[in-house]
Amino acid sequence: MSDRPKLDGILETAVYVDDMDAAHGFYEGVLGLKRMVAGDRLFAYDAGPAQTLLVFYRGHTGEDVQTPGGIVPGHDTSGHGHFAFRISNDQLDPWRDYLSSKGVDIISEVVWPAGGTSLYFKDPDGNILELASAPLWPNFLA
């Protein structure tokens with residue numbers, strides 16, 4: 001038996017971008033995510049129940065930020081990030097067609113040994129996004 005406390009999952013994932021307006025046009029305008037927070041250095045989007053996509057303005061998040069509730073430690077990254085959205089198998093073709101209609105190129109498609117399929121494409125800053133259908137990972141419930 002372990003004394004380790006339980007994790008409930010991933011609450012947030014983040015990407016860093018150089019153009020916040022282009023990012024917003026993509027994440028809200030193309031992917032349809034609702035923006036919940038709009039700030040000078042951060043946009044937060046509803047990515048599903050209890051899931052948040054954080055879009056940070058690259059180079060503007062390295063310093064600690066004092067908030068009324070405490071200090072948020074600085075963080076930043078260079079290069080392109082990656083994250084995946086979960087989709088159902090019956091949404092693969094609609095997403096292929098939709099992305100094409102929006103001028104978003106699918107740069108790779110992978111059929112995984114477990115049977116799931118991933119569609120890879122880029123956001124305006126070159127971050128690699130993925131739409132993944134089950135079963136990709138052993139813990140991926142359809």
Side-chain angles (χ1 to χ4, degrees), residues 2 4-142:
S2 171
R4 181 176 47 245
K6 179 184 174 207
L7 291 174
D8 291 333
I10 295 176
L11 175 66
E12 304 167 341
T13 194
V15 294
Y16 294 81
V17 302
D18 295 313
D19 186 332
M20 296 293 280
D21 291 333
H24 180 62
F26 182 79
Y27 287 104
E28 184 175 76
V30 174
L31 295 185
L33 301 180
K34 180 183 176 192
R35 186 168 60 185
M36 301 182 296
V37 173
D40 293 336
R41 60 183 216 108
L42 159 75
F43 293 161
Y45 294 90
D46 180 347
Q51 301 168 58
T52 302
L53 172 63
L54 302 176
V55 177
F56 289 106
Y57 191 9
R58 190 186 326 274
H60 296 262
T61 58
E63 301 295 322
D64 292 353
V65 174
Q66 180 67 49
T67 73
I71 295 174
V72 177
H75 50 83
D76 203 357
T77 188
S78 61
H80 302 143
H82 164 73
F83 64 92
F85 291 103
R86 177 180 163 170
I87 63 171
S88 61
N89 283 311
D90 65 353
Q91 294 301 300
L92 286 164
D93 283 335
W95 270 108
R96 285 184 192 101
D97 294 342
Y98 177 76
L99 291 172
S100 177
S101 76
K102 294 295 186 179
V104 176
D105 294 327
I106 295 174
I107 58 172
S108 181
E109 184 168 331
V110 176
V111 177
W112 297 104
T117 300
S118 292
L119 306 176
Y120 293 92
F121 55 99
K122 295 181 181 181
D123 76 1
D125 273 271
N127 291 300
I128 304 298
L129 281 60
E130 177 183 357
L131 299 172
S133 69
L136 183 69
W137 298 105
N139 63 345
F140 197 137
L141 303 174

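Computed from a predicted model, the values in this text were never measured in an experiment.
Rounded to the nearest 0.5 angstrom, Leu119 CG and Leu92 CG are separated by 5.5 Å. The CD1 atom of Ile87 lies 8.5 Å from the OG atom of Ser118; values are rounded to the nearest 0.5 Å. With rounding to the nearest 0.5 Å, the separation of CG in Asp21 from CG in Asp19 is 6.0 Å. Taken to the nearest 0.5 Å, the CD1 atom of Ile107 stands 4.0 Å off from the CD1 atom of Ile128. Taking CE from Met20 and CG from Asp125, the interatomic distance works out to 10.0 Å, rounded to the nearest 0.5 Å. The line from CG of Leu33 to CZ of Phe85 is 4.5 Å long, rounded to the nearest 0.5 Å.
Ser133 places a side-chain N or O within 3.5 Å of a backbone atom of Thr117 that can act as its donor or acceptor partner. Remark: side-chain polar atoms of Gln91 are not paired, donor with acceptor, to backbone N or O of Asn89 under 3.5 angstrom. Distance alone, capped at 3.5 Å, is enough to place a donor-acceptor pair between the Tyr98 side chain and the Val30 backbone. Checking side-chain atoms of Arg58 against main-chain N and O of Asp18 turns up no donor-acceptor pair under 3.5 Å. Remark: side-chain polar atoms of Asn127 are not paired, donor with acceptor, to backbone N or O of His80 under 3.5 angstrom.
The two residues Asp76 and Gly59 have their closest heavy-atom pair at OD2-N, 3.1 Å. When every heavy atom of Gly115 is checked against every heavy atom of Pro135, the shortest pair comes out as C-CD, 3.7 Å. Smallest separation of non-hydrogen atoms from Phe43 and Ala38: CD2-CA, 3.6 Å. In terms of heavy atoms, Ala47 sits closest to Leu53 at CB-N, 4.1 Å. Between Gly74 and Asp64 the shortest heavy-atom distance is N-OD1, 2.9 Å.
Side-chain contact between Glu109 and Arg96 is present, with at least one heavy-atom pair separated by less than 4.5 Å. In this structure, Leu129 and Leu31 have side chains that are in contact, with non-hydrogen atoms separated by less than 4.5 Å. Contact annotation: the side chain of Leu99 approaches that of Ile106 to within less than 4.5 Å [non-hydrogen atoms, C-beta and beyond].
For Asp97, the side chain to side chain donor-acceptor pair (under 3.5 Å) test picks out no residue, with sequence neighbours left out. Under the ring-ring contact (aromatic ring centres under 6.0 Å, His included) criterion, His60 pairs with Tyr57, not counting sequence neighbours.
Using a 30° and 60° split on the angle between ring planes, His75 and Phe56 fall in the perpendicular class, above 60°. Ring pair Tyr27/Tyr45 is tilted by interplanar angle, where 30° to 60° counts as tilted.
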